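Numbering of ligands and ligand atoms starts at 1, following listing order. In this text the structure is predicted, and so the values were computed from the model without any measurement.
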Amino acid sequence: MKNNGHILSASQFDRPFLDKMYRLTNKIRRFDKSKEGLLYLQSLLPHKRAILYFTQPSTRTFLSFQSACHILGMKNSEIRDATTSSERKGESVEDSLRTFSSYVDLIVMRSPVRGLCDRMAAILDSSDRPVPIINAGSGPDEHPTQALLDIYTLQRSFKELGGIEGKTICMVGDLKRGRTVRSLSKLLTLYPGAKIIFASPDAFKIEDDLRTILKDGKVEFLETSDFRDAITNSDAVYMTRIQDEYDDHAGASAKVDTSAFCLRAEHLKIMKKTSVIMHPLPRRTELDPAIDSDPRAKYWRQERNGMWTRVALITMLLGVDQQILLPEL
Ligand code: NCD
C-alpha cells in the first residue's frame, strides 16, 4: 500500500492489503460475538483520538466510522459543518487541518471538493504532525472505504460461488458523478476476470479517465442503456442515486429521464437466483423498498459490513492489527 499511511484513493490498494483487511474483518466479527471479545477490541486503542471532519452530508459513513472508533475504544471529536468552525472566520482548510492534527491521531474527512484530501495529506506530511487522513468521500471523485466494504460484501456473497473472479457486476445510475462507482470499479481491477456492465442514460455515462483505468487494468466492460438486459446477465446489481448536488445548474438532472433505470419488484424474476442487489444508500426511487425482503438484497448488510471493514482498516493504520489476527478465539 502506498500513500504514507493515508487512505486517499481506491487505486492505492493491492490484493495482499485487501486480503489481509478482510481476514481481519472476519476475525473482528468473531470478537463481536461475546462481551469479552468486544472488551478486548475496546482495549486496543483507548489512548488514540480521531476527528471526523465531514463538511458534506452523511449518515452511514459518519456513523460507521464513529462506531468503528468506539469499538476500538477510541475517542472522537467531530466537525460536521464548517460554518461552526473557524473557517467561518476566514481560516483556510489547510490551517484547519493542521489544527486538527495538533489534537488527534487520525483524521477522517469528507468534502465536496475533488482532490482536497490529497492536498491536505501532502500538507500534513510536510508538518511535524503527519497524522493519517482517511478519505470518506471526495466530491464526485472517490470513496475508497465504501469500495472496501462493497468488495467485502461481494466476496462474502460469492463465497460459495468461486469468489468475485469471473463475475459480472452491473452498476446502474449516475456513473458520471457517483464516487462509489468510480472507487469500486478501480478495486475490481484487482479481481481477474471480473466484468462490469455500466447501465445508465447517456447523460450519466462513466468518464474517460475511468475507461482508461479499466482498459489498463484489463477489466472487460460494457456500457449500455438496456437496463433489463444488463440486470439479466449480471451476478451483482449495484444501484446508485442521481448525484444532483453536483448539477451545473439547479434542476439539470431532473430533466434526464431515469425511469428506465429503477429496480422494481417485477425485475426480480428476470435476475439470476444467485445474484446480489447492492446500493451504497441513501436511495431514492431507483430502488423499490418492496425488494428489501428478497434474500438477494444486501444493502442493509453492506451498512454493517461498512462498520466492520472500517474497524479493520483503522487497526491496520494505527498498527494494532496483529493483536487481532494473533489471538486464538
Ligand atoms: C454515498 C456517497 O456519499 O457517495 N453514500 C455513502 O457514503 N454510503 C452514495 C450517495 O450519496 O449517493
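A cation-pi geometry, defined here as NZ or CZ lying under 6.0 Å from the six-membered ring centre and within 45° of its normal, holds between R310 and F65. By the 6.0 Å and 45° rule, R156 does not stack over the aromatic ring of Y22.
Near T180, meaning under 4.0 Å from one of its heavy atoms, ligand 1 places the atoms 1 (C), 4 (O). Close approach to R241 involves these atoms of ligand 1, each under 4.0 Å from a residue heavy atom: 10 (C), 11 (O), 12 (O). For ligand 1, the atoms lying closer than 4.0 Å to a non-hydrogen atom of L281 are 1 (C), 5 (N), 6 (C), 8 (N), 9 (C). The contact set between ligand 1 and Q146, taken as ligand atoms under 4.0 Å from a residue heavy atom, comprises 6 (C), 7 (O), 8 (N).
Protein heavy atom at the shortest distance from atom 4 (O) of ligand 1 is R179 NE, 2.7 Å. Nearest non-hydrogen protein atom to atom 8 (N) of ligand 1 is P280 O, 2.9 Å.
Using cut-offs of 30° and 60° on the angle between ring planes, the pair F227 and F261 is perpendicular.
Among the atoms of P282, none of the N or O lies under 3.5 angstrom from an N or O of ligand 1.
In summary, D209 and R182 engage in a salt bridge, as defined by a charged side-chain N under 4.0 Å from a carboxylate O.
Counted within 6.0 Å of CZ on R60, heavy atoms from surrounding residues, nucleotides or ligands total more than 12; the atom is thus considered enclosed. By the 6.0 Å contact criterion, CD on E220 is open, its count of non-hydrogen atoms from other residues, nucleotides or ligands being 12 or less.
Using 4.0 Å as the threshold, G137 has no heavy atom nearer than that to any atom of ligand 1. Proximity of R110 to ligand 1 is established by a heavy-atom distance of less than 4.0 Å.
Side-chain contact annotation: R129 with T99, donor-acceptor N/O pair under 3.5 Å absent.
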